[in-house]
Each structure stands twice: as structure tokens, then as C-alpha cells.
Amino acid sequence: LHMRETMLILHFIGLSMGLGTSFAHAFLGMATSKMSPDEVVKFRVHSLVLSNMGKLGIVLLVVSGLYLITPLWSVLPSMPLLMAKLALVAILIALISMINMLVKKARNGDAAVELKKMEKFGKMTLVIAITIVILAVSVFH
């Protein structure tokens, strides 16, 4: 394999890990609909381990993405969809950082309060991640 293909493979693995984490948390949220509030908190705190998969996925996406975009830096201003995608990636990284801070707080403090905050950010990350995929397909079709 050439380096570009290797990075593209890593990019798609990172995408599946990152987006998969958002979908997993959404489906796990649906799975808690018949649990008591105490059971939900306990279950959700245990499922926070999935966040590690999301963090690794975003690292793979960023590292491989920086390599893959290198030939496009000179024409980036003429590619508004790619610029929008990159802006959304920056926002996604900020949201993931905020979620990671809340994960730490949930493990060390009032988990119910922190989980409620995470839920809002999690929904945003799912929408943003899907939008990033749509923009990537539009840019690189």
C-alpha cells in the first residue's frame, strides 16, 4: 500500500470509531427508557468507556486528515465545502473535549447532572459528525 491509501484506511477507521461512538451512545440512551433513574445513571456511567473509542477515532481522523489534505492547502480558499468541513471538525473537537471534561466530572461527582449535560453535547456531536460526512462526500465525490 502507498502512504495515501494507508492514511485513507486510517481515516475511515477513525470515522467509523468516532461516528460509531455517537450512534452507540444514542442507542444506549434508547435502551435505558425502561430503567429506573438510578439504574440509568449506573448504566450510563459504565458505558462512558465508549468515549475512549471516540477519542481514538478523532485522533486517527485528525492525523490522517492532515496528511490527506496536504496537497489541497494551496486551493483551500476555492473550496468552501471543504473549509466548512474543516470548521465543523474544529467544532467537533471542541465538543468532544467538553464531553471528556464532563466524563471526568461524572466519574468523580454528581453523575446524573453531568450525564444530562453530556446528552446535549452528544446529540450535537452526532449531527455535526453526520454533516461532516455529507460535506466530505460532496467535496471528494
Side-chain angles (χ1 to χ4, degrees), residues 1-73 75-141:
L1 290 175
H2 293 90
M3 184 59 112
R4 185 175 190 296
E5 284 94 7
T6 301
M7 288 297 175
L8 199 53
I9 290 166
L10 289 176
H11 203 68
F12 283 115
I13 290 170
L15 172 65
S16 63
M17 291 173 73
L19 194 52
T21 298
S22 293
F23 276 111
H25 279 297
F27 277 85
L28 287 174
M30 288 186 277
T32 62
S33 65
K34 295 189 178 169
M35 293 180 181
S36 73
D38 288 341
E39 289 175 317
V40 170
V41 170
K42 196 173 183 179
F43 178 77
R44 295 302 300 220
V45 167
H46 289 297
S47 70
L48 290 176
V49 71
L50 283 172
S51 298
N52 295 333
M53 180 175 68
K55 286 188 279 190
L56 180 56
I58 197 76
V59 168
L60 286 174
L61 277 169
V62 169
V63 170
S64 60
L66 287 172
Y67 177 86
L68 292 168
I69 201 169
T70 301
L72 300 175
W73 284 124
V75 295
L76 192 58
S78 67
M79 302 179 79
L81 292 179
L82 182 55
M83 289 176 35
K85 176 188 176 288
L86 295 175
L88 286 175
V89 168
I91 292 168
L92 183 64
I93 290 169
L95 287 171
I96 290 169
S97 296
M98 292 164 67
I99 290 170
N100 285 326
M101 287 188 300
L102 294 172
V103 165
K104 289 176 186 169
K105 286 182 180 181
R107 288 187 176 136
N108 299 323
D110 188 350
V113 170
E114 304 306 330
L115 288 167
K116 201 69 163 159
K117 293 176 192 174
M118 269 187 266
E119 190 177 320
K120 293 175 189 171
F121 288 127
K123 289 177 183 175
M124 285 190 270
T125 62
L126 179 59
V127 170
I128 289 172
I130 290 170
T131 304
I132 290 168
V133 170
I134 292 167
L135 287 172
V137 170
S138 298
V139 170
F140 298 110
H141 70 289

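All values derive from a computational prediction rather than experimental measurement.
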[X] side, atom [atom1]; [Y] side, atom [atom2] - distance, nearest 0.5 Å:
X: T125; Y: M98; atom1: OG1; atom2: CE; value: 11.5 Å
X: L102; Y: K120; atom1: CG; atom2: NZ; value: 11.0 Å
X: R4; Y: H11; atom1: CZ; atom2: NE2; value: 10.5 Å
X: N100; Y: K55; atom1: CG; atom2: NZ; value: 4.5 Å
X: L10; Y: L61; atom1: CG; atom2: CG; value: 10.0 Å
X: L82; Y: I69; atom1: CG; atom2: CD1; value: 4.0 Å

| request: Using the side-chain contact (heavy atoms from CB on, under 4.5 Å) rule, pick out the option among I128, I134, I130 that qualifies with I132. | output: I128
| query | Run the side chain to side chain contact (heavy atoms under 4.5 Å, CB included) check on N52 and L56 step by step: do they pass? | reply | CA-CA 6 Å; N52 295 333; L56 180 56; over 6 Å; no
| query | With side chains defined as the heavy atoms from C-beta onward, is the minimum distance between E119 and H25 less than 4.5 Å? | reply | no
Just by distance, do the side chain of [X] and the backbone of [Y] share a donor-acceptor pair under 3.5 Å?
X: T32; Y: M35; answer: no
X: S33; Y: G29; answer: no
X: H141; Y: S138; answer: yes

Least distance between heavy atoms, [X] atom then [Y] atom:
X: R107; Y: V49; answer: NH2-N, 3.9 Å
X: G14; Y: L60; answer: CA-CB, 3.8 Å
X: V45; Y: A111; answer: CG2-CB, 3.6 Å
X: E5; Y: H2; answer: OE1-CB, 2.7 Å
X: A136; Y: K85; answer: CB-CE, 3.5 Å
X: M7; Y: S64; answer: O-CB, 3.3 Å

| Are there more than 12 heavy atoms of other residues, nucleotides or ligands under 6.0 Å from atom CE of M3? | no
| query | Just wondering, are more than 12 heavy atoms of other shown residues or ligands nearer than 6.0 Å to CZ in F12? | reply | no
| message | Using the rule given for side chain to side chain contact (heavy atoms under 4.5 Å, CB included), can you reason through L48 versus L115, listing the C-alpha separation, both sets of side-chain angles and the distance that settles it, and then say yes or no? | response | CA-CA 10 Å; L48 290 176; L115 288 167; 4.2 Å; yes
| side chain to side chain contact (heavy atoms under 4.5 Å, CB included) between L68 and F140, intermediate numbers included | CA-CA 12 Å; L68 292 168; F140 298 110; over 6 Å; no
| Under-4.0 Å salt bridge between E114 and K117 | yes
